[in-house]
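This report concerns only the one structure given below.
Throughout, residue positions are numbered sequentially from 1 according to the sequence presented. Just so you know, these numbers use all the heavy atoms, side chains as well, and skip hydrogens, waters and symmetry mates. This is a predicted model, so every value here is computed, not measured.
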Amino acid sequence: QLQLVESGGGLVQPGGSLRLSCAAPGFVLDYYPVAWFRQAPGKEREGVSCIMPGAGSTNYADSMKGRFTISRDKAENTVYLQIHRLNPEDTAVYYCAAPRSYRVQDMCRTDPAGMDYWGKGTLVTVSA
């Protein structure tokens, strides 16, 4: 079963940037679409972005366009989420996830219900 491991979270000042990593030790992550989600305290989990295998087409939730960049490094077997101009509302646990199967002709989605594999998350705290 695919194991996902997030890292890169921490305490960041407002206006700063952060790069989160999603790794899959022992698995080839490029076999899967990978999505990033976040869950703020007291709120539902929401989709941020996703990236397809191979050519790496990307998709972003409408509310996440502009400050978030998803990318994949095949050599590092890692998917990244770069976050710019962080603000306190970005404080959340960030998760990466992947579906068990997908159709090549479909774009990946940022719907939590479509994911089968989840990491344990990495906490991002934005505070002065």
Answer whether the closest heavy-atom distance between the side chains of [X] and [Y] falls below 4.5 Å.
X: V79; Y: I70; value: yes
X: E6; Y: L20; value: no
X: P53; Y: P33; value: yes
X: L4; Y: V34; value: no
X: Y102; Y: M52; value: yes
X: Q13; Y: V126; value: no
X: Q82; Y: S71; value: no

Rounded distance (nearest 0.5 Å) linking atom [atom1] of [X] with atom [atom2] of [Y]:
X: S49; Y: L81; atom1: OG; atom2: CG; result: 6.5 Å
X: L123; Y: T91; atom1: CG; atom2: OG1; result: 7.5 Å
X: N77; Y: S21; atom1: CG; atom2: OG; result: 11.5 Å

Q: Take V28 and K74 through the side-chain contact (heavy atoms from CB on, under 4.5 Å) test and state the conclusion after the steps.
A: CA-CA 9 Å; V28 179; K74 296 177 185 180; over 6 Å; no

If Ile, Leu, Val, Met, Phe, Trp and Tyr residues are connected whenever their side-chain heavy atoms lie under 4.5 Å apart, and connections chain through other members, are [X] and [Y] in the same group?
X: F27; Y: Y117; answer: yes
X: Y31; Y: L2; answer: yes
X: V12; Y: M64; answer: yes
X: M107; Y: I51; answer: no
X: Y80; Y: L18; answer: no

Q.
Atom CZ of residue position R45 - does it have more than 12 heavy atoms of other residues, nucleotides or ligands inside 6.0 Å?
A. yes

Q.
The criterion is ring-ring contact (aromatic ring centres under 6.0 Å, His included); which residues satisfy it with Y94, sequence neighbours excluded?
A. none

Q) Closest heavy-atom contact between L86 and I83? A) CD2-CG2, 3.5 Å

Q. What pair of heavy atoms forms the shortest contact from G54 to D30, and how long is it?
A. N-OD1, 3.1 Å

Between [X] and [Y] (side chain of the first, backbone of the second, donor and acceptor by atom type, cut-off under 3.5 Å), is there such a pair?
X: T122; Y: G9; value: yes
X: D116; Y: R100; value: yes
X: T78; Y: E76; value: yes

Q.
Can you pull out every disulfide (SG to SG under 2.5 Å) where at least one residue sits in residues 71-128? Sequence neighbours excluded, please.
A. C22-C96, C50-C108

Q) What is the ring orientation for F37 with W118, classed by angle as parallel under 30°, tilted 30 to 60°, or perpendicular over 60°? A)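 F37 vs W118 ring planes: tilted.
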
Q.
With side-chain contact (heavy atoms from CB on, under 4.5 Å) as the criterion, how do R38 and V93 come out once you've worked through the C-alpha distance, each side chain's angles and the decisive distance to 0.1 Å?
A. CA-CA 5 Å; R38 70 181 187 181; V93 178; over 6 Å; no

Q.
Please confirm whether the ring centroid of W36 lies under 6.0 Å from the ring centroid of F68.
A.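 No; F68 has its ring centre 6.0 Å or more from that of W36.
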
**Q.** side-chain contact (heavy atoms from CB on, under 4.5 Å) between R67 and N87, worked out
**A.** CA-CA 11 Å; R67 296 190 297 115; N87 59 69; 3.6 Å; yes

Q: Return the set of residues passing side chain to side chain contact (heavy atoms under 4.5 Å, CB included) with K120 (not counting sequence neighbours), or none when no residue passes.
A: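 Scan of K120 (side chain to side chain contact (heavy atoms under 4.5 Å, CB included), adjacent residues dropped) gives none.
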
Q: Determine, stepwise, if the pair T69 / Y60 fulfils side-chain contact (heavy atoms from CB on, under 4.5 Å).
A: CA-CA 9 Å; T69 304; Y60 293 86; 4.0 Å; yes

